[in-house]
Chemist: 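Shown below is the structure under consideration.
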Amino acid sequence: MAERARNGSANLWPRRRLLTLGGAAVLAGAGGWWLRGQPPRHGQPRLGADQAWARVQAGTLLLADIRRPEEWRATGVPAGSRPIDMRRADFAAAVRAAAGDAGVPVALICARGVRSARMVRALAAAGFSTIADVPEGMLGSAAGPGWIARGLPVVPWRA
């Protein structure tokens with residue numbers, strides 16, 4: 001009987017290890033998913049949605065909505081913004097053309113500030129000297145309630 005108890009408990013160890021390793025793998029996967037959803041750090045200025053809107057109204061900022069067309073269609077785009085899909089192969093050139101030159105202040109907005117932070121880094125690497133991020137995005141994030149929740153003007157997007 002003692003022999004059987006020892007053998008029975010010995011057989012549990014591989015199962016426990018497997019469950020522990022499986023649980024660790026699930027947590028690591030969840031952690032990776034969470035990290036991918038966090039905006040990367042960059043050294044460029046950040047603007048609140050209300051600040052970006054004030055500068056757009058004053059004519060001192062090009063606001064580029066870098067979301068996908070289906071997102072523009074669903075929510076509209078910020079009034080005064082230029083919708084430029086960030087997946088374009090010529091994204092930096094399209095932003096430069098919309099701005100007139102790389103020296104014009106440009107701010108990027110997406111849904112929740114993750115994609116805009118990534119693309120701010122990419123544009124800074126491409127030589128843009130005055131590039132800013134709107135980290136609260138259209139729908140809100142930890143940075144703020146977002147363009148729509150702030151009641152800032154949105155216009156329908158048409159292809």
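This one's a predicted model, so the numbers in the text were calculated from it and none came from an experiment.
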Chemist: Applying salt bridge (charged side-chain N to carboxylate O under 4.0 Å, His left out), name anything that partners Arg68, two or more places apart in sequence or on another chain.
Modeler: Glu70, Glu71
Chemist: What residues, two or more places apart in sequence or in another chain, satisfy side-chain contact (heavy atoms from CB on, under 4.5 Å) together with Ala124?
Modeler: Gln44, Ile131
Chemist: May I ask you to decide if Pro135's main-chain N or O and Ser141's side chain share a donor-acceptor pair within less than 3.5 Å?
Modeler: yes
Chemist: Tell me every residue that passes side chain to side chain donor-acceptor pair (under 3.5 Å) with Thr75, counting only those two or more places apart in sequence or in another chain.
Modeler: Arg67
Chemist: Please name all residues satisfying side chain to side chain donor-acceptor pair (under 3.5 Å) with Asp50, sequence neighbours left out, ordered by chain then number.
Modeler: none
Chemist: Side-chain donor-acceptor contacts of residues 54-63 below 3.5 Å, not counting sequence neighbours, with atom names and distances?
Modeler:
unit_1: Gln57; atom_1: OE1; unit_2: Trp53; atom_2: NE1; d: 3.2
unit_1: Thr60; atom_1: OG1; unit_2: Arg55; atom_2: O; d: 3.3

Chemist: For Val134 versus Gly48, what's the shortest heavy-atom pair and its separation?
Modeler: CG1-C, 4.3 Å
Chemist: With a cut-off of 3.5 Å and sequence neighbours excluded, list every side-chain donor-acceptor pair involving residues 148-159.
Modeler:
unit_1: Arg150; atom_1: NE; unit_2: Glu136; atom_2: OE1; d: 2.7
unit_1: Arg150; atom_1: NH2; unit_2: Glu136; atom_2: OE1; d: 3.4
unit_1: Arg150; atom_1: NH2; unit_2: Glu136; atom_2: OE2; d: 3.3

Chemist: How close do Ala92 and Phe128 get, counting heavy atoms only, and between which atoms?
Modeler: O-CZ, 3.7 Å
Chemist: Locate the shortest heavy-atom distance separating Asp85 from Pro69; write the atom from each residue and the value.
Modeler: OD2-CD, 3.3 Å
Chemist: How long is the straight-line distance from CE of Met86 back to CE of Met119, given to the nearest 0.5 Å?
Modeler: 5.0 Å
Chemist: How far apart are the closest heavy atoms of Ala132 and Val120, and which atoms are they?
Modeler: O-CG2, 3.5 Å
Chemist: Looking at Met138 and Gly76, what are the two nearest heavy atoms and their distance?
Modeler: CE-O, 4.1 Å
Chemist: Following the transitive rule for hydrophobic clusters with a side-chain heavy-atom cut-off under 4.5 Å over Ile, Leu, Val, Met, Phe, Trp and Tyr, establish whether Ile109 and Val114 coincide in one cluster.
Modeler: no
Chemist: If you take all heavy atoms of Pro83 and Ser81, which pair is closest and at what distance?
Modeler: CD-O, 3.7 Å
Chemist: Would you mind telling me which of Ile84, Leu108, Val77 makes a side-chain contact (heavy atoms from CB on, under 4.5 Å) with Asp65?
Modeler: Val77
